[in-house]
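Everything on this sheet refers to the single structure shown next.
Chain letters run A, B, ... following the sequence lines, proteins first and then strands; every chain starts at 1.
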Amino acid sequence: MPEMLEVELYRQLADRATGRTITSVAVPDSRVLRGDVSVAGIRRALVGRPLTAARRRGKLLLLDTGDGGPTVGMRFGMTGGLVLDDHQAIDALVYGPAGFGRQWVRFGLHLAGRDGNDGGDLLLHDPRRFGRVVLDPDEDALGPDAATVTVAQLRHVLASRPSPSGRPAAGPPLKARLLDQSRLAGLGNLLVDEILWRADLSPRRPSGSLSGDDVNVLARRIRSTVAQLLRRGGSHTGDLMPERRAGGHCPKDGAPLTKSTVGGRTTWWCPQHQV
DNA sequence: ATTGTGGCCTGCCCGC
DNA sequence: TGCGGGCAGGCCACAA
């Protein structure tokens, strides 16, 4: 998906619809509901209710409704985008088709403004159909948000249960742990590669092998990288990104980058300084 | 129980 | 130009 930075931009856009009332719900492709609720059910739950807040946890966008209505949870998959009043939060996702296509709208809330006049539409635009809409998602199934992760929280994220033999397990690769949304919410493939590159840590390092200082530095790197790339405008604005390709070199020391699969995802890193 | 794998989907880009 | 293969910022069900 869009990672947490893109979803934060979606949240800021959706926040402009706070105070408007849902007058109808469009579900051109019911697969977006994943069987969690019927089209009729989601209409009953939402029509007539006001949007009261736009929140985010990790990559999950949360739209609260008033008058006892549910919270609408939106996940954006790999190519999902949010459109409000014909305004796109992200002009073109790096791995999605550029621009807007009416045929790629999978879900829509038609809105009325406070004065009762036409209040526009909030649309989920998702060519690849990996996005999902759910009612009242279990927010606590997600770990703490990466934007504000503390050292203590990160220590818990990286900790491994002792093995049956009693000795502490080395744990899965560091990158796999950072991508596990149930332990830490928000980081995706590009952000993790950028963060580990900045933190001088190999994505293959066993997650339980970090020293106290390592964890301290990594927590700071996560927060600062998230903040900086959000200011720059998204997950694809990292310093490693331009070199994340065949023949790419480390912007720090010029070493040829390594490409491999770690945590099930394509991973680029510098074998020279990431250890 | 944790961890790894395949599958879900579609569009784009590259090489033949 | 046309076509096939490989690839993609995520997540979920499933197997070991």
Provide, to the nearest angstrom, the distance between the CE atom belonging to Met78(A) and the P atom belonging to dC12(C). 14 Å

Taking the same atom, P, in dG6(C) and in dG6(B), what whole-Å distance lies between them? 14 Å

Check nucleotides 11-16 of chain B for protein N or O atoms closer than 3.5 Å to its own N or O atoms and list the pairs.
| residue | atom | partner | partner atom | Å |
| --- | --- | --- | --- | --- |
| dG11(B) | OP1 | Trp104(A) | NE1 | 3.0 |

If you round to the nearest 0.5 Å, how far is CG of Asp29(A) from CH2 of Trp104(A)? 14.5 Å

Starting at the 5' end of DNA chain C, which residue's closest nucleotide do you reach first, Arg128(A) or Gln181(A)? Arg128(A)

With distance as the sole criterion, is a donor-acceptor pair present between the side chains of Thr148(A) and Asp145(A) under 3.5 Å? no

Where do N or O atoms of nucleotides 3-5 of chain B meet protein N or O atoms at under 3.5 Å, pair by pair?
| residue | atom | partner | partner atom | Å |
| --- | --- | --- | --- | --- |
| dT3(B) | OP1 | Arg177(A) | NH2 | 3.3 |
| dT3(B) | OP2 | Arg177(A) | NH2 | 3.1 |

Closer than 4.0 Å, any side-chain N/O of Thr266(A) to the OP1 or OP2 of dC7(C)? no

What is the distance, rounded to the nearest whole Å, between atom NE2 of His156(A) and atom P of dT2(B)? 10 Å

In whole angstrom, give the distance that lies between atom CG of Leu190(A) and atom C1' of dC7(C). 13 Å

Enter the distance from Thr21(A):OG1 to Leu51(A):CG here, rounded to the nearest 0.5 Å. 7.5 Å

Give a yes/no verdict on base stacking between dC11(C) and Phe130(A): centres under 5.5 Å, planes within less than 30° of parallel. no

Any sub-3.5 Å donor-acceptor pair from Arg183(A)'s side-chain atoms to His156(A)'s backbone N or O? no

Nearest-0.5 Å distance, CG of residue Asn189(A) to CD of residue Glu3(A): 7.0 Å

Decide yes or no for Glu243(A) and Cys250(A): does some side-chain heavy atom of the first lie under 4.5 Å from some side-chain heavy atom of the second? no

Please give the distance between the C1' atoms of dG11(B) and dC12(C) as a whole number of Å. 22 Å

State, yes or no, whether a side-chain contact exists between Leu109(A) and Val25(A) at a heavy-atom distance under 4.5 Å. yes

Could you state the atom-to-atom distance from CG of Leu158(A) to P of dT2(B) in whole Å? 16 Å

To the nearest angstrom, how far is Arg31(A) atom CZ from dG7(B) atom C1'? 14 Å

Any strand is fair game: report the nucleotide pairing with dC9(B) by Watson-Crick or G-U wobble, both distances under 3.5 Å, or none. none

Between CG of Leu257(A) and CH2 of Trp268(A), what distance do you get to the nearest 0.5 Å? 7.0 Å

Rounded distance (Å) that lies between atom P of dA8(C) and atom CG of Asn189(A): 8 Å

If the P atom of dT5(B) is compared with that of dC7(C), how far apart are they to the nearest Å? 16 Å

Will you find, in the side chains of Thr52(A) and Asp64(A), an N or O donor that is under 3.5 Å from an N or O acceptor? no

Atom NZ of Lys59(A) and atom C1' of dC12(C) are separated, to the nearest Å, by 13 Å

We want to know whether Gln228(A) and Arg198(A) form a side-chain donor-acceptor pair, criterion being a heavy-atom distance below 3.5 angstrom. yes

Distance test, side-chain N/O of Arg75(A) to OP1/OP2 of dC12(C), below 4.0 Å: yes

Rounded off to whole Å, could you give me the CD-to-P distance for the Glu3(A) and dC11(C) pair? 9 Å

